[in-house]
Amino acid sequence: QMGARIRYYRTIRSLEQVELAEKLGITPQYLSKLERGVSKPSMDLLFLIAQELNVDAVKLIQEESQL
(Lines give C-alpha, C1' and ligand atoms only; values in the text may rest on other atoms or scores of the structure.)
Protein backbone atom coordinates (compact mmCIF):
# COMPACT_ATOMS: atom_id res chain seq x y z
CA GLN A 1 0.00 0.00 0.00
CA MET A 2 1.33 3.40 -1.00
CA GLY A 3 0.41 5.00 2.32
CA ALA A 4 2.42 2.45 4.27
CA ARG A 5 5.43 3.12 2.05
CA ILE A 6 5.09 6.88 2.60
CA ARG A 7 5.01 6.25 6.36
CA TYR A 8 8.00 3.87 6.11
CA TYR A 9 10.22 6.35 4.25
CA ARG A 10 9.08 9.20 6.52
CA THR A 11 9.99 7.28 9.65
CA ILE A 12 13.38 6.05 8.43
CA ARG A 13 14.18 9.69 7.66
CA SER A 14 13.18 10.57 11.25
CA LEU A 15 10.47 12.99 10.16
CA GLU A 16 7.34 13.55 12.21
CA GLN A 17 4.02 13.81 10.38
CA VAL A 18 3.81 17.49 11.35
CA GLU A 19 7.27 18.20 9.87
CA LEU A 20 6.60 16.47 6.57
CA ALA A 21 3.11 17.96 6.26
CA GLU A 22 4.54 21.45 6.78
CA LYS A 23 7.18 20.87 4.08
CA LEU A 24 4.46 19.62 1.72
CA GLY A 25 2.03 22.45 2.47
CA ILE A 26 -0.69 20.07 3.67
CA THR A 27 -2.24 19.42 7.07
CA PRO A 28 -0.93 16.65 9.32
CA GLN A 29 -4.47 15.25 9.27
CA TYR A 30 -4.37 14.90 5.49
CA LEU A 31 -0.92 13.28 5.63
CA SER A 32 -2.33 10.82 8.17
CA LYS A 33 -5.16 9.97 5.75
CA LEU A 34 -2.63 9.40 2.98
CA GLU A 35 -0.54 7.12 5.19
CA ARG A 36 -3.59 5.14 6.26
CA GLY A 37 -4.74 4.75 2.67
CA VAL A 38 -7.96 6.67 3.29
CA SER A 39 -6.98 9.25 0.65
CA LYS A 40 -4.72 9.15 -2.39
CA PRO A 41 -2.43 12.03 -3.33
CA SER A 42 -2.57 13.86 -6.63
CA MET A 43 0.33 13.15 -8.97
CA ASP A 44 1.83 16.55 -8.14
CA LEU A 45 1.66 15.82 -4.42
CA LEU A 46 3.03 12.32 -4.93
CA PHE A 47 6.11 13.72 -6.68
CA LEU A 48 6.52 16.35 -3.97
CA ILE A 49 6.33 13.67 -1.27
CA ALA A 50 8.92 11.61 -3.11
CA GLN A 51 11.18 14.64 -3.41
CA GLU A 52 10.90 15.49 0.29
CA LEU A 53 11.56 11.86 1.27
CA ASN A 54 14.44 11.63 -1.21
CA VAL A 55 12.98 8.53 -2.86
CA ASP A 56 11.94 7.71 -6.40
CA ALA A 57 8.17 8.24 -6.80
CA VAL A 58 7.95 4.83 -8.48
CA LYS A 59 9.00 3.20 -5.20
CA LEU A 60 5.98 4.75 -3.52
CA ILE A 61 3.48 3.39 -6.03
CA GLN A 62 4.94 -0.03 -6.90
CA GLU A 63 3.41 -3.19 -5.53
CA GLU A 64 5.43 -4.88 -2.79
CA SER A 65 6.39 -7.78 -5.05
CA GLN A 66 8.02 -5.34 -7.46
CA LEU A 67 10.23 -3.64 -4.87
Which value, rounded to the nearest 0.5 Å, describes the distance between Leu20 atom CG and Ile6 atom CD1?
-> 8.5 Å

Verify the neighbour count for atom OH of Tyr30: are there more than 12 heavy atoms of other residues, nucleotides or ligands below 6.0 Å?
-> yes

Is it the case that one hydrophobic cluster holds both Leu48 and Val18, taking links as side-chain heavy atoms less than 4.5 Å apart, direct or via other members?
-> no

dist Ile49:CD1 -> Glu35:CD (nearest 0.5 Å) comes out at 8.5 Å

Please check if any side-chain donor atom of Thr11 sits under 3.5 Å from a side-chain acceptor atom of Arg7, or the reverse.
-> no

Hey, what do you get for CD (Glu16) to CZ (Arg10), rounding to the nearest 0.5 Å?
-> 7.0 Å

Contact summary for Glu52 and Leu24, nearest pair of heavy atoms | CG-CD2, 3.8 Å

Quick one: do Val38 and Leu46 end up in the same hydrophobic cluster if we chain Ile, Leu, Val, Met, Phe, Trp and Tyr together by side-chain heavy atoms under 4.5 Å apart?
-> no

When rounded to the nearest 0.5 Å, the distance separating NZ of Lys23 from CG of Leu53 is 9.5 Å

Roughly how far apart are Leu15 CG and Tyr9 OH, rounded to 0.5 Å?
-> 14.5 Å

Test side chain to side chain contact (heavy atoms under 4.5 Å, CB included) on Val55 and Arg5 and set out the steps.
-> CA-CA 11 Å; Val55 64; Arg5 288 187 286 281; over 6 Å; no

Taking every heavy atom of Leu34 against every heavy atom of Pro41, the minimum-distance pair comes out as CD2-N, 3.5 Å

Rounded to the nearest 0.5 Å, what's the gap from CG on Leu45 to CD on Gln51? Could you check?
-> 11.5 Å

Keeping the roles fixed (side chain from Gln17, backbone from Thr27), state whether a donor-acceptor pair exists under 3.5 Å.
-> no

